[in-house]
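Working notes, structure below.
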Amino acid sequence: GVPWNVLISGYVRHGCFCNALSTFKQMAVAGVEPDHYTYPSVLKACGEESNLDFGKEVHRRIFAKGLGWSLFVHNALVSMYVKCGAITEARELFERMPERDVVSWNAMILGYASRGLWEEAFYLFERMQMNGSEVNYVTWNTIAGGNLQMGNYAGALELISQMKVASASLDSATLTIGLAACSRIGFIKLGKEIHGTAIRCLYDQDERVRNALITMYARCKDLRLAYFLFQTAETQNLVTWNCMISGYTRLDQYGNASFLFKRMIFSGIEPN
RNA sequence: GUUUCUCCCAGUC
């Protein structure tokens with residue numbers, strides 16, 4: 001079943017979740033048995049699609065198969081339920097796991113942090129440390145991202161500065177979260193600091209970081225710098241164009257906006 | 001040769 005697994009995980013990696021699920025169904029028709037490599041990808045696709053019904057169906061099949069214990073599969077199950085908003089089911093599964101790693105804890109914490117249920121999120125955060133689990137940069141990003149989602153921009157930024165103090169590694173996700181928070185509250189001073197960090201860490205050409213930088217400068221009213229970053233971007237995808245155009249419209253620069261829109265069309269990018 | 005956690009980056013008056 002390896003070629004099937006390669007195909008399914010490839011679809012998932014490229015965000016083609018529906019194709020991943022239909023391939024999984026074809027696999028059953030072809031009579032090929034899924035294994036513990038197949039399910040994590042399939043469950044991830046269910047979660048990303050918020051397809052709880054099919055996720056539960058996959059869960060039933062795993063259970064019926066009597067598949068042996070697999071941390072990867074169980075982590076993927078917890079994550080699927082979390083992504084589908086089925087927190088209670090996720091938590092029950094999580095509590096019954098005979099073994100957990102940092103991924104299990106992070107997945108469960110996301111469930112609460114993304115909904116602003118901070119008491120429970122921090123309870124798990126403390127418990128994971130008491131249980132001797134490591135805390136990694138994903139853990140921090142999860143909590144910072146939860147603050148961002150809940151509109152607590154200062155809280156997100158506070159957390160990131162704590163990460164620096166704790167010398168936790170900042171990755172591109174940390175930086176995008178920080179930049180998004182700065183954009184929302186117009187905190188250009190800190191935004192520039194993060195920009196500096198991005199350059200030092202060689203993240204400033206990362207697509208997401210670059211787009212977040214353009215947005216940050218545009219929302220902080222520095223359109224010159226935003227445009228410079230736009231022009232010097234290695235790749236200009238749909239979001240890059242949208243970031244820059246909305247930067248202009250936000251500040252009532254409709255001439256520049258429509259000019260850029262024409263350039264976008266001319267370069268063959270389909271507007272959405 | 002294949003697997004799970006944060007990657008939300010625009011917009012949503």
Side-chain angles (χ1 to χ4, degrees), chain A residues 1-13 15 20 23 34-48 70-83 90 94 97 100-111 113-114 124 128 133-149 156 159-160 163 168-181 183-184 203 206-216 218-219 226 229-230 233 235-250 260 264 269 271-272:
Chain A
V2 175
W4 292 90
N5 293 345
V6 174
L7 190 57
I8 292 172
S9 66
Y11 277 135
V12 170
R13 194 169 311 116
T23 304
D35 62 14
H36 62 285
Y37 279 97
T38 322
Y39 291 117
S41 295
V42 173
L43 290 165
K44 185 186 171 80
C46 294
E48 296 296 331
S70 162
L71 187 56
F72 274 47
V73 171
H74 276 254
N75 283 345
L77 276 167
V78 170
S79 179
M80 181 277 292
Y81 281 118
V82 163
K83 293 262 172 69
F94 175 84
M97 287 169 74
R100 303 181 193 96
D101 66 0
V102 63
V103 173
S104 332
W105 290 100
N106 288 346
M108 200 61 242
I109 288 173
L110 174 72
S114 61
L124 288 172
M128 82 187 279
S133 169
E134 60 160 327
V135 169
N136 63 13
Y137 64 93
V138 175
T139 319
W140 291 108
N141 288 346
T142 301
I143 297 174
N147 276 291
L148 186 68
Q149 271 184 35
L159 211 80
I160 290 170
M163 288 171 71
S169 61
L170 305 177
D171 75 333
S172 63
T174 321
L175 300 183
T176 35
I177 291 168
L179 288 167
S183 302
R184 297 291 168 171
Y203 282 134
D206 177 286
E207 270 189 32
R208 288 173 298 259
V209 171
R210 175 60 67 130
N211 291 336
L213 281 167
I214 293 169
T215 302
M216 188 276 293
R219 291 186 76 128
L229 289 169
F230 171 79
T235 52
Q236 285 155 351
N237 60 28
L238 175 66
V239 176
T240 318
W241 287 96
N242 286 346
C243 288
M244 198 61 235
I245 292 171
S246 70
Y248 282 129
T249 53
R250 177 174 285 274
L260 211 63
M264 174 181 169
I269 302 272
N272 66 357

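Lettering of chains follows the sequences in order, A, B, ..., and the numbering in each one begins at 1.
A straight line from CG of A:N211 to P of B:G11 spans 11 Å, rounded to a whole angstrom. To the nearest angstrom, P of B:C7 lies 13 Å from CD1 of A:I143. As rounded to whole Å, 19 Å separates atom C1' of B:U6 from atom CE of A:M80. For the pair A:I8 CD1 and B:G1 C1', the computed distance is 15 Å after rounding to whole Å. For A:I214 and B:C8, the CD1 to P distance is 15 Å, given to the nearest whole Å. Atom CG in A:L170 sits roughly 13 Å away from atom C1' in B:U6 (whole-Å rounding). The distance between atom CH2 of A:W4 and atom P of B:U2, rounded to the nearest whole Å, is 19 Å. Regarding A:R13, its CZ atom lies at a distance of 8 Å from the P atom of B:U4, rounded to whole Å.
Nearest to the side chain of A:P40, among B:U4, B:A10, B:U6, sits B:U4. With distances taken from any side-chain atom of A:I177 to the nucleotides B:C5, B:U6, B:A10, the minimum falls on B:U6. Comparing atom distances between the A:Y37 side chain and each of B:G11, B:U6, B:U3 picks out B:U3 as nearest. Counting only heavy atoms from C-beta on, A:K44 has its side chain closest to B:U4 among B:C7, B:U4, B:U2. Residue A:V6 places its side chain closer to B:U2 than to any other of B:C5, B:U2, B:A10. When distances run from any side-chain atom of A:S9 to the nucleotides B:U2, B:A10, B:C7, the shortest one goes to B:U2. Set against B:C8, B:A10, B:C5, the side chain of A:S246 has B:A10 as its closest nucleotide. Candidate nucleotides B:A10, B:G11, B:U2 were compared by shortest atom distance to the side chain of A:R219, and B:G11 ranks first. The side chain of A:V138 approaches B:C5 more closely than any other nucleotide in the set B:C8, B:A10, B:C5. Comparing atom distances between the A:K83 side chain and each of B:C7, B:U6, B:A10 picks out B:U6 as nearest.
Remark: the backbone N or O of A:L229 is paired with a side-chain donor or acceptor of A:R210 at under 3.5 angstrom. Looking at A:E48, its side chain never comes within 3.5 Å of a backbone N or O of A:G15 through a donor-acceptor pair. At least one donor-acceptor pair under 3.5 Å links the side chain of A:T249 to the backbone N or O of A:S246. Under the 3.5 Å distance criterion, the side-chain polar atoms of A:D101 are matched with a main-chain donor or acceptor of A:S104.
A:L260 places a side-chain heavy atom less than 4.5 Å from the side chain of A:W241.
A close approach under 4.0 Å does not occur between any side-chain nitrogen or oxygen of A:R250 and OP1 or OP2 of B:C13.
For the C1' atoms, the distance linking B:U12 with B:C8 amounts to 14 Å, nearest Å. Comparing the same atom, C1', in B:U6 and in B:U2 gives a spacing of 23 Å after rounding to whole Å.
For RNA chain B, the residues of residues 70-78 of chain A within the heavy-atom distance limit of 4.0 Å (strictly under) are A:F72, A:N75, A:A76, sorted by number.
Contacts of A:D35 with the nucleic acid, taken as non-hydrogen atoms under 4.0 Å apart, are absent.
The shortest heavy-atom contact between A:R208 and A:S172 is NH2-OG, 4.2 Å.
Tested against A:Y39, the residues A:N5, A:I8, A:V73, A:L77 include a single side-chain contact (heavy atoms from CB on, under 4.5 Å) partner, A:V73.
Between the side chains of A:N141 and A:N106, no donor-acceptor pair of N or O atoms lies under 3.5 Å.
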